[in-house]
Amino acid sequence: MRHLRSQRREWLTTLLLLLPGFAVFLGLFVYPFIITIVLSLRPEGQTTGWTLEYYTSFLASEHGRQVIVLTFFLAIATTLFSVLLSVPLALVLRRKLRGHRFFRAVPLIPLVVPGLIGALGLLLVFGSRGWFNLFIRDVLPFIHGPIAVNYTISGLTLFYVWLYFPYTLLTTLSTLEGLDPGIEEAAQVSGANPWKVLRHVVLPLIMPGILSGSVLTFMNAFGAFSIPLVAGGNYRPLSVDVYKQIQLFVPAHWSQACAIAVIMGVLQVVFLTFYMRVLRGRKVK
Amino acid sequence: MSEWMIELKGTTKRYGTLVANDHIDLQIPRGELLTLLGPSGCGKTTAMRCITGHQHPDEGQVLIDGQDVTDLPTHRRDLGMVFQNFALFPHMTVYDNVDFPLMIRTLPHDERRQRVTEALRLVRMDELGDRYPRQLSGGQQQRVGLARALVYRPRVLLLDEPLSNLDAKLREEMRFEIKELVTQLHMTAVYVTHDQGEALALSDRVAVMNVGRIQQIGTPRDIFERPNSLFVADFIGLSDFIEARVDAVEGNSTWVAVKGLRVRVETEERLRIGQEVTLFIRPNRVELLEKGAPAGENVLEARVQKLTYLGDNIDYRVVLPGDWEIRVQTNGQQYLPAGSSIKVRLPPKHCHVIAEQK
Amino acid sequence: MILTYTLLVCLSIFIFSPFVLIMIKSIGKDWFGKLWLPPTLTLDWYKWAINVARLPEVMKNTIIVTGLAVAMSTIVGIFSGWAFGRRHLPGKELLMSMILLPRMIPPITYALGIARIFYGLNLVNTHFGIALAHVTLCAPYAILVMSATFEGLDERMLEAASVCGANPLRTFFHVTLPQIMPGILSSMIFTFTTSYNEFTLTLMTYGADTLTLPIRTYLAVGEGYWEVTSAMSVIMVLPSLLILFLIQRQVKPEQLVGGFKGL
């Protein structure tokens with residue numbers, strides 16, 4: 001009896017402790033999300049009635065399809081380039097070179113600095129009169145400049161990579177450092193040259209790290225908002241398109257904005273679930 | 001074909017001010033199993049890593065089969081190695097692990113299959129080829145490690161504390177398994193360990209290392225019976241050390257004075273009269289005699305101070321006249337209670353003199 | 001070796017050059033045409049930023065909002081972290097990944113809903129409202145860090161303290177608190193960074209009286225004064241870099257990435 005009562009008391013305190021966390025989760029995430037969904041299904045400006053018009057019109061329109069394709073293109077391209085950049089960098093950063101402390105801190109910078117400022121600085125660097133084009137003019141005159149980077153799709157991808165590759169790099173690096181150095185030594189003694197050690201032993205072993213890091217990069221790139229907002233020019237991924245529905249029109253197109261937001265959320269969740277399944281599948285093996 | 005399979009010529013390795021290997025000279029003939037034995041930090045691992053090429057010596061040369069490999073990368077040295085923590089490739093099955101060196105060498109498919117099967121059979125793992133390393137016990141993992149190191153018939157097999165991650169009973173068994181395999185395959189092998197029991201049981205020769213140098217090198221019997229320094233005597237087996245002074249020398253016999261007593265010692269070492277030395281004897285070579293036993297050479301009056309029953313044997317602390325204590329181990333049958341007066345005999349051929357004092 | 005350093009130096013240039021250019025832009029005058037560096041230096045843009053863009057007020061707003069957000073998230077984090085870390089909860093993994101959802105879904109997807117709710121509650125254009133919006137993103141991180149901290153708390157240490165005769169209060173202050181302090185600090189640092197840099201949710205809930213640094217900088221971009229924008233960016237980015245410098249040695253990078261292990 002006594003035992004039961006104390007058990008019940010313990011349950012009660014646990015629930016009380018969890019209360020603020022769940023209040024935040026329900027009040028600031030679930031409820032707003034439901035409101036967003038409800039708004040997306042209501043005819044603009046009305047409090048009753050249901051319609052799927054905003055979904056169908058967006059998905060059926062040329063514009064809508066373009067926006068979705070662009071968002072996926074940016075996220076996937078960013079993820080790919082991040083992986084290509086991160087693996088060699090992680091291999092280099094792992095070695096305790098002179099100054100490795102400094103070089104290790106460098107990729108942390110984009111993580112703690114607002115994306116907005118990164119975008120501003122990158123616009124300055126890659127502008128037609130920025131250092132990038134001055135460098136081409138003065139050091140590589142055989143390349144016909146100036147090269148347009150800002151407000152192009154490749155430039156935007158570059159900015160995304162700047163901001164989001166650290167996720168992949170850091171996860172890859174920490175997996176790499178978790179490897180038992182003996183395993184590589186064993187491969188070397190067995191007669192594998194550095195390239196074969198990398199291909200047959202190191203890469204397969206750090207693959208889970210690369211993949212889970214690339215999930216983070218993908219997630220962030222998919223949802224990126226401030227960078228395309230200031231540096232996207234005519235390229236508007238889903239997030240910016242949502243905002244433009246509210247900002248450009250008076251009165252604001254709330255229902256349309258909410259519908260796009262919901263589409264974006266659903267796409268993200270579906271893609272992530274799919275990705276996770278692939279990841280899990282690998283792990284089980 | 002060189003006379004020596006492995007040769008270290010004055011290899012030196014420093015880490016900052018620490019000298020891990022200090023001008024090591026070592027020759028290992030073909031087909032020998034040599035153990036590098038020593039406490040942690042003695043430089044045995046560094047010496048092995050110089051052989052594998054994972055460390056580049058600051059000075060000196062490493063020769064394998066007469067060829068200078070000092071600047072040759074690891075993967076071109078044709079070595080096999082077994083690791084303390086097994087270092088199996090976790091993402092490959094047992095079969096693929098063993099196949100890895102052959103795959104790297106791009107051998108024909110049939111030969112690979114045949115050799116892997118053979119190697120797995122050799123270590124009695126042929127049934128478990130489909131398993132992943134994490135599904136195996138420690139002993140099984142180490143067998144796979146051994147098969148992986150042997151499958152391509154390297155010139156030299158290196159074993160880096162291969163048994164220290166296994167439990168005591170398995171360690172005993174695998175000692176003999178390794179010894180047998182290496183002998184059967186006529187391999188040259190270098191075995192690194194800090195476990196003296198392992199070293200004595202396995203090796204053709206043992207090199208005892210201390211602070212970056214080889215203190216003594218010889219057969220297990222040499223090392224145990226005729227240690228050349230206090231360090232070696234102390235590191236291997238139990239010892240009684242007694243400070244002494246040389247009293248007289250005559251042929252192979254030397255008399256030393258210990259706290260007013262005289263003990264005859266058989267030694268080949270040339271000693272000066274009056275030299276300060278250490279008399280040393282293994283506790284299980286001391287003979288305990290009844291109180292009434294007749295006087296004789298090296299027979300001393302003594303009293304049992306304390307005894308500890310250890311099962312297989314009994315560990316006595318015996319006090320001798322002049323108030324010095326030695327440790328004596330006898331088999332469990334000879335039981336002498338604490339406080340009883342007895343006599344001890346220090347057999348001259350088991351008494352050794354080392355020309356240094358602590 | 002040379003290749004290695006080339007790679008690292010290129011990376012550093014790639015990462016640093018935006019900041020260097022912002023820095024130069026903010027103190028340069030008459031920087032037109034194709035020049036590597038501005039011909040004259042000036043502090044005018046900082047004066048503009050302070051006087052015209054009312055930067056002191058903006059900074060005050062930012063500090064209030066961030067302070068509120070950090071405080072609320074830390075409290076939520078400690079409570080939930082205790083429950084997650086010390087109690088056996090059925091379906092803990094699932095609960096945890098649920099709590100992390102706001103960090104996995106683009107904020108813009110629920111920012112609209114938050115904006116609508118806050119309009120109704122008159123929370124838009126208030127410090128508390130913006131801070132509350134930030135908590136959506138900060139709290140999951142605080143909960144994650146605090147759960148790990150409480151999980152790592154050594155039960156035997158607490159038992160040892162009570163065996164030694166310490167009452168629960170003393171145990172808490174002398175044993176528990178010192179052990180969880182690093183966790184609280186790192187939770188505070190990361191929630192600070194999140195809230196200080198937060199853009200999307202702020203954009204949906206700010207008003208004329210509650211401009212924060214990121215919003216002010218964004219608006220300045222729209223106004224087209226790049227020099228003033230740069231000056232503001234420099235002021236804004238300094239605390240972040242300072243924090244990075246301070247935590248760089250203590251924090252493992254994977255913590256910064258925000259362990260999504262529950263996924």
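Heavy-atom basis, side chains included; hydrogens, waters and symmetry copies ignored. Within every chain, numbering begins at 1; the chains are lettered A, B, ... in the order of the sequence lines, protein sequences first and strands thereafter.
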Colleague: Step by step, work out the side chain to side chain donor-acceptor pair (under 3.5 Å) result for C/T191 and C/S73.
Modeller: CA-CA 7 Å; C/T191 48; C/S73 317; 5.3 Å; no
Colleague: Against chain A, label C/T194 side chain, backbone, both or neither, depending on which of its atoms sit under 4.5 Å from a heavy atom there.
Modeller: neither
Colleague: Within the supplied structure, the quantity of interest is the number of heavy atoms (other residues, nucleotides, ligands) at a distance under 6.0 Å from C/M59 CE; does it exceed 12?
Modeller: no
Colleague: Below 4.5 Å from any heavy atom of chain A, which atoms of C/L112 appear? Answer side chain, backbone, both or neither.
Modeller: both
Colleague: Contact between C/F16 and C/M23 at the side-chain level, heavy atoms closer than 4.5 Å - yes or no?
Modeller: no
Colleague: Does any backbone or side-chain atom of A/L39 lie under 4.5 Å from a heavy atom of chain C? Answer side chain, backbone, both or neither.
Modeller: side chain
Colleague: Give, as side chain, backbone, both or neither, the part of A/V269 having an atom under 4.5 angstrom from any heavy atom of chain C.
Modeller: side chain
Colleague: What part of C/L95 gets within 4.5 angstrom of chain A, counting heavy atoms only: side chain, backbone, both, or neither?
Modeller: side chain
Colleague: With a 4.5 Å cut-off on heavy-atom pairs, point out which of C/V221, C/T217, C/L213, C/I114 contacts chain A the most.
Modeller: C/I114
Colleague: Specify which of A/I35, A/L28, A/T36 makes the most heavy-atom pairs with chain C at under 4.5 Å.
Modeller: A/L28
Colleague: May I ask you to name which of A/V242, A/V24, A/L120, A/L85 has the most heavy-atom pairs under 4.5 Å with chain C?
Modeller: A/L120
Colleague: Within the structure provided, determine whether C/I243 and C/Y196 are in side-chain contact (heavy-atom separation under 4.5 Å).
Modeller: no
Colleague: Name the region of C/L8, side chain, backbone, both or neither, that has any atom closer than 4.5 Å to a heavy atom of chain A.
Modeller: both
Colleague: Distance from C/F192 atom CZ to C/C138 atom SG, nearest 0.5 Å?
Modeller: 10.5 Å
Colleague: Flag the pair A/L124 / C/S230 as yes when at least one side-chain heavy-atom distance between them is below 4.5 Å, and no otherwise.
Modeller: yes
Colleague: Please classify the contact between C/V135 and chain A as side chain, backbone, both or neither, with a heavy-atom cut-off of under 4.5 Å.
Modeller: both
Colleague: I'd like to verify something: which residue of C/T229, C/I24, C/L21, C/T4 has the highest number of heavy-atom pairs under 4.5 Å with chain A?
Modeller: C/L21
Colleague: Under a 4.5 Å heavy-atom cutoff, which of A/L16, A/V106, A/V230, A/L123 has the most pairs with chain C?
Modeller: A/V106
Colleague: Can you say whether A/I246 sits under 4.5 Å from chain C via the side chain, the backbone, both, or neither, judging by heavy atoms?
Modeller: side chain
Colleague: Output the option from C/V9, C/L203, C/L7 having the highest count of non-hydrogen pairs under 4.5 Å with chain A.
Modeller: C/L203
Colleague: Heavy-atom distances under 4.5 Å only: say whether C/V20 touches chain A with side chain, backbone, both or neither.
Modeller: side chain
Colleague: Within the structure provided, determine whether A/F225 and C/P106 are in side-chain contact (heavy-atom separation under 4.5 Å).
Modeller: no
Colleague: When rounded to the nearest 0.5 angstrom, what is the spacing between CG in A/L163 and CD1 in A/I227?
Modeller: 4.5 Å
Colleague: Test C/T202 against C/H134 for side chain to side chain donor-acceptor pair (under 3.5 Å), laying out the working first.
Modeller: CA-CA 8 Å; C/T202 324; C/H134 288 188; 2.9 Å; yes
Colleague: Does a side-chain heavy-atom distance below 4.5 Å link C/M146 with C/W82?
Modeller: no
Colleague: Is C/Y5 in contact with chain A via its backbone, its side chain, both, or neither, using a 4.5 Å heavy-atom distance?
Modeller: side chain
Colleague: I'd like to verify something: which residue of A/Y31, A/F25, A/F33, A/W131 has the highest number of heavy-atom pairs under 4.5 Å with chain C?
Modeller: A/W131
Colleague: If I measure from the heavy atoms of chain C, does A/I37 come under 4.5 Å with its side chain, its backbone, both, or neither?
Modeller: neither
Colleague: Any side-chain heavy-atom pair from C/I75 and A/P20 closer than 4.5 angstrom?
Modeller: no
Colleague: If you tally heavy-atom pairs under 4.5 Å against chain A, which of C/E198, C/R87, C/K25 wins?
Modeller: C/R87
Colleague: Which bit of C/M204 comes within less than 4.5 Å of chain A, counting heavy atoms only: side chain, backbone, both or neither?
Modeller: side chain
Colleague: Taking C/S12, C/A139, C/P140 one by one, which has the highest count of heavy-atom pairs under 4.5 Å against chain A?
Modeller: C/S12
Colleague: Of the backbone (N, CA, C, O) and the side chain (C-beta and beyond), which part of C/F19 lies under 4.5 Å from a heavy atom of chain A, both, or neither?
Modeller: side chain
Colleague: For each of A/L91, A/V92, A/I263, A/L238, tally heavy-atom pairs with chain C at distances under 4.5 Å, and name the one with the top tally.
Modeller: A/V92
Colleague: Which heavy atom of C/L201 sits nearest a heavy atom of C/A133, and at what distance?
Modeller: CD1-O, 3.4 Å
Colleague: Looking at A/F126 versus A/F132, is the centre-to-centre ring distance below 6.0 Å?
Modeller: yes
Colleague: What option among A/L93, A/L19, A/D138 has the most heavy-atom pairs under 4.5 Å with chain C?
Modeller: A/D138
Colleague: Chain A heavy atoms under 4.5 Å from C/T136: which part of the residue, side chain, backbone, both or neither?
Modeller: both
Colleague: Under 4.5 Å, counting heavy-atom pairs only, tell me which of C/T193, C/I117, C/I105 racks up the most with chain A.
Modeller: C/I117
Colleague: Kindly say whether the aromatic ring centers of A/Y164 and A/F218 come within a distance under 6.0 Å.
Modeller: no
Colleague: Where on A/R98 is there a heavy atom nearer than 4.5 Å to chain C: the side chain, the backbone, both, or neither?
Modeller: both
Colleague: Please look at C/L241 and chain A and tell me whether the side chain, the backbone, both or neither of the residue comes under 4.5 angstrom of a heavy atom of that chain.
Modeller: side chain
Colleague: Where is the tightest heavy-atom contact between A/P114 and C/N197, given as atom of each residue plus distance?
Modeller: CG-OD1, 3.3 Å
Colleague: Examine whether an atom of C/Y218 lies under 4.5 Å from a heavy atom of chain A, and if so say whether it belongs to the side chain, the backbone or both; otherwise answer neither.
Modeller: both
Colleague: Could you report the tightest heavy-atom contact between A/L17 and C/A83, atom names first, then the distance?
Modeller: CB-CB, 4.0 Å
Colleague: Given a strict heavy-atom distance threshold of 4.5 Å, which part of C/L89 is in contact with chain A: side chain, backbone, both, or neither?
Modeller: side chain
Colleague: So, applying ring-ring contact (aromatic ring centres under 6.0 Å, His included) with A/F222, which one of A/F72, A/Y160, A/F271, A/Y275 is it?
Modeller: A/F72
Colleague: Is the closest side-chain heavy-atom distance between A/S40 and A/Y54 below 4.5 Å?
Modeller: no
Colleague: Please flag which part of C/L3 lies under 4.5 Å from any non-hydrogen atom of chain A: side chain, backbone, both or neither.
Modeller: neither
